[in-house]
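Structure first, then comments.
Both ligands and their constituent atoms are indexed starting at 1 by order of listing.
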Amino acid sequence: MSTDPVNLLGLPRAELETFFESLGEKPFRARQVMSWIYGRGVADFAQMTDLSRKLREHLSEIARVSVPGIVTEQRSRDETRKWMLGMDGTQGIETVFIPEPARGTLCISSQVGCVLDCSFCATAQQGFNRNLSTAEIVGQVWLANRELGYQYDGNRVVTNVVLMGMGEPLANYRSVVPALDLLVDDFGFGLSRRRVTLSTSGIVPMIDRLGQDCNVALAVSLHAPEDGLRNELVPINRRYPIAELMDACWRYASEAYGRFITFEYVMLDGVNDQPSHAHALAKLLKYRPGKVNLIPFNPFPGTSYARSPVATIERFREILLKQGIRATIRRTRGDDIDAACGQLAGRVRDRTRIRLGKKLIQVAVRT
Ligand code: SAH
């Protein structure tokens with residue numbers, strides 16, 4: 001009886017070592033194979049020339065390096081690129097590459113759809129279908145590297161990875177943490193921890209766990225400085241209100257020297273963009289290791305929100321700066337191909353799963 005080939009992509013290093021040991025090989029084969037897969041973008045065992053021919057042939061029979069297939073690619077006039085990757089036939093996830101003069105940021109997804117129901121986000125309208133596997137998460141980086149031209153000489157194209165695509169990464173903790181480990185492992189993608197950012201809507205117990213398990217940069221989708229408004233915009237706030245969220249953030253920041261939390265704040269015209277909101281936000285962050293990233297709202301079909309005018313965003317930022325809070329305005333990229341923050345949508349058709357999604361949040365936060 002033959003068994004399905006194992007996908008070596010996404011296997012944590014320790015598991016890959018066990019795999020080679022089970023074949024009667026030395027554990028260091030894991031590092032060799034990882035360097036081929038992640039460092040050089042090689043998926044074909046026949047090309048892994050520092051392995052014996054016998055091992056290469058055996059691997060071709062029992063293992064694979066499989067990545068999701070690219071369904072579409074779009075290129076923005078500002079050179080932002082977006083790929084839709086196929087999942088389970090009718091579903092898709094999106095990955096976005098944002099080139100800048102001194103860095104290249106890849107924005108990856110962690111779930112097909114999303115379990116949260118943030119009122120201003122296009123992904124929420126799609127409902128939730130399923131969690132991505134570790135292979136599907138790191139596969140996005142692998143594919144982007146391949147599409148952009150793998151650079152093995154140290155001149156990386158992708159210098160930064162942000163988990164800011166579709167999905168709530170902390171609601172898919174089990175697959176996300178091994179993916180983060182592979183992103184920063186020297187035998188994996190070898191990225192600096194400061195250049196890998198996980199963005200969360202604020203699942204408090206999971207922020208604490210992340211602090212223990214992983215030392216990556218954290219971004220928190222705050223979007224409102226008081227509970228009434230945040231309950232409306234980011235419904236998970238009803239379970240984890242702002243005070244609890246801020247405490248978790250400061251605990252996370254205190255765990256490693258130099259950790260700074262980024263607070264994302266979408267600018268919605270007439271909703272959360274008034275001077276009173278800026279003053280309340282400044283109060284939350286005063287003397288704390290946090291900075292604010294103001295995101296001009298990106299519209300999508302069917303939304304009733306509008307983007308705050310530039311002058312309103314500038315005034316908001318000025319108030320924060322005067323209170324000693326670091327604040328930047330995120331430049332909108334790729335909006336002509338619906339690749340900007342909050343515009344990602346993988347055409348999830350199975351809306352009946354939305355309710356399951358809510359249940360899953362409860363499961364995720366109780367474990
Ligand atoms: N679920 C995670 C990861 C998504 S990150 C989180 O909530 O952080 C995507 C970022 O873009 C989040 O800060 C999100 O709140 C923001 N966003 C969502 N919809 C948006 C929109 N339409 N315009 C601008 N930003 C948006």
Side-chain angles (χ1 to χ4, degrees), residues 82 93-96 98 105-128 131-132 137 140 160-173 176 179-180 196-204 206-207 210 216-224 229-230 232-237 239-240 245 248-249 252 261-269 271-273 290-308 313 328-335 338-346 357 360-361 364-365:
K82 182 171 87 164
I93 54 156
E94 296 190 320
T95 304
V96 179
I98 307 138
T105 302
L106 191 71
C107 177
I108 63 175
S109 295
S110 56
Q111 297 181 311
V112 186
C114 190
V115 291
L116 306 169
D117 202 12
C118 301
S119 57
F120 51 87
C121 180
T123 309
Q125 301 209 329
Q126 310 286 322
F128 172 71
N131 282 326
L132 294 185
I137 298 171
Q140 297 170 62
N160 294 50
V161 171
V162 295
L163 278 82
M164 294 188 186
M166 295 165 62
E168 166 52 51
L170 292 187
N172 182 14
Y173 196 80
V176 163
L180 295 172
V196 174
T197 304
L198 181 146
S199 177
T200 179
S201 57
I203 303 184
V204 164
M206 294 307 185
I207 294 177
L210 187 73
V216 294
L218 186 68
V220 173
S221 295
L222 192 58
H223 306 315
L229 183 55
R230 193 163 190 271
E232 239 175 76
L233 302 178
V234 186
I236 191 86
N237 192 71
R239 188 176 296 263
Y240 302 114
L245 174 59
C249 288
Y252 190 89
I261 314 281
T262 301
F263 292 93
E264 295 157 289
Y265 196 101
V266 64
M267 295 300 283
L268 304 168
D269 188 21
V271 176
N272 63 352
D273 62 352
K291 61 180 178 200
V292 177
N293 193 208
L294 299 172
I295 315 176
F297 171 66
N298 295 305
F300 51 88
T303 183
S304 51
Y305 294 113
R307 179 183 290 183
S308 309
I313 302 179
T328 48
I329 300 173
R330 187 176 292 178
R331 197 150 70 89
T332 299
R333 298 288 303 267
D335 52 342
D338 287 341
C341 302
Q343 292 186 321
L344 301 186
L360 274 185
I361 293 187
V365 298

What atoms of ligand 1 come within less than 4.0 Å of a heavy atom belonging to [X]?
X      : value
Cys121 : 18 (C), 19 (N)
Ser201 : 6 (C), 7 (O), 8 (O)
Ile295 : 24 (C), 25 (N)
Val266 : 23 (N), 24 (C), 25 (N)

[atom]: nearest protein contact (heavy atom, Å):
atom                    : value
atom 4 (C) of ligand 1  : Gly165 O, 3.6 Å
atom 9 (C) of ligand 1  : Met164 O, 3.4 Å
atom 2 (C) of ligand 1  : Ser199 O, 3.3 Å
atom 21 (C) of ligand 1 : Cys341 O, 3.3 Å
atom 20 (C) of ligand 1 : Gly342 CA, 3.2 Å
atom 13 (O) of ligand 1 : Ser221 OG, 2.7 Å

Practice task
Output, in order, the C-alpha distance, side-chain angles, deciding distance and verdict of side chain to side chain donor-acceptor pair (under 3.5 Å) for Ser109 and Glu94.
Solution key: CA-CA 6 Å; Ser109 295; Glu94 296 190 320; over 6 Å; no
Gap between atom [atom2] of [Y] and atom [atom1] of [X] - 0.5 Å precision:
X      : Y      : atom1 : atom2 : value
Tyr265 : Leu294 : OH    : CG    : 8.5 Å
Arg331 : Ile98  : CZ    : CD1   : 10.5 Å
Leu198 : Ser110 : CG    : OG    : 7.5 Å

Taking non-hydrogen atoms only, is [X] closer than 4.0 angstrom to ligand 1 via side chain, backbone, both or neither?
X      : answer
Glu264 : side chain
Asn298 : both
Thr200 : backbone
His223 : side chain

Problem - Side-chain touch Phe128/Val112, heavy atoms, less than 4.5 angstrom - result: no
Practice task
Check whether any side-chain heavy atom of Val162 sits under 4.5 Å from a side-chain heavy atom of Ile108, and report yes or no.
Solution key: no
Between [X] and [Y]: side-chain donor-acceptor atoms closer than 3.5 Å:
X      : Y      : answer
Asn131 : Gln111 : yes
Asp273 : Ser308 : yes
Tyr305 : Ser119 : yes

Exercise for the section: Take every heavy atom of Gly167, measure it against each atom of ligand 1, and state whether any distance is under 4.0 Å. Expected result: yes
Handout entry: Ring centre gap for His223 and Phe263 strictly below 6.0 Å
Key = no
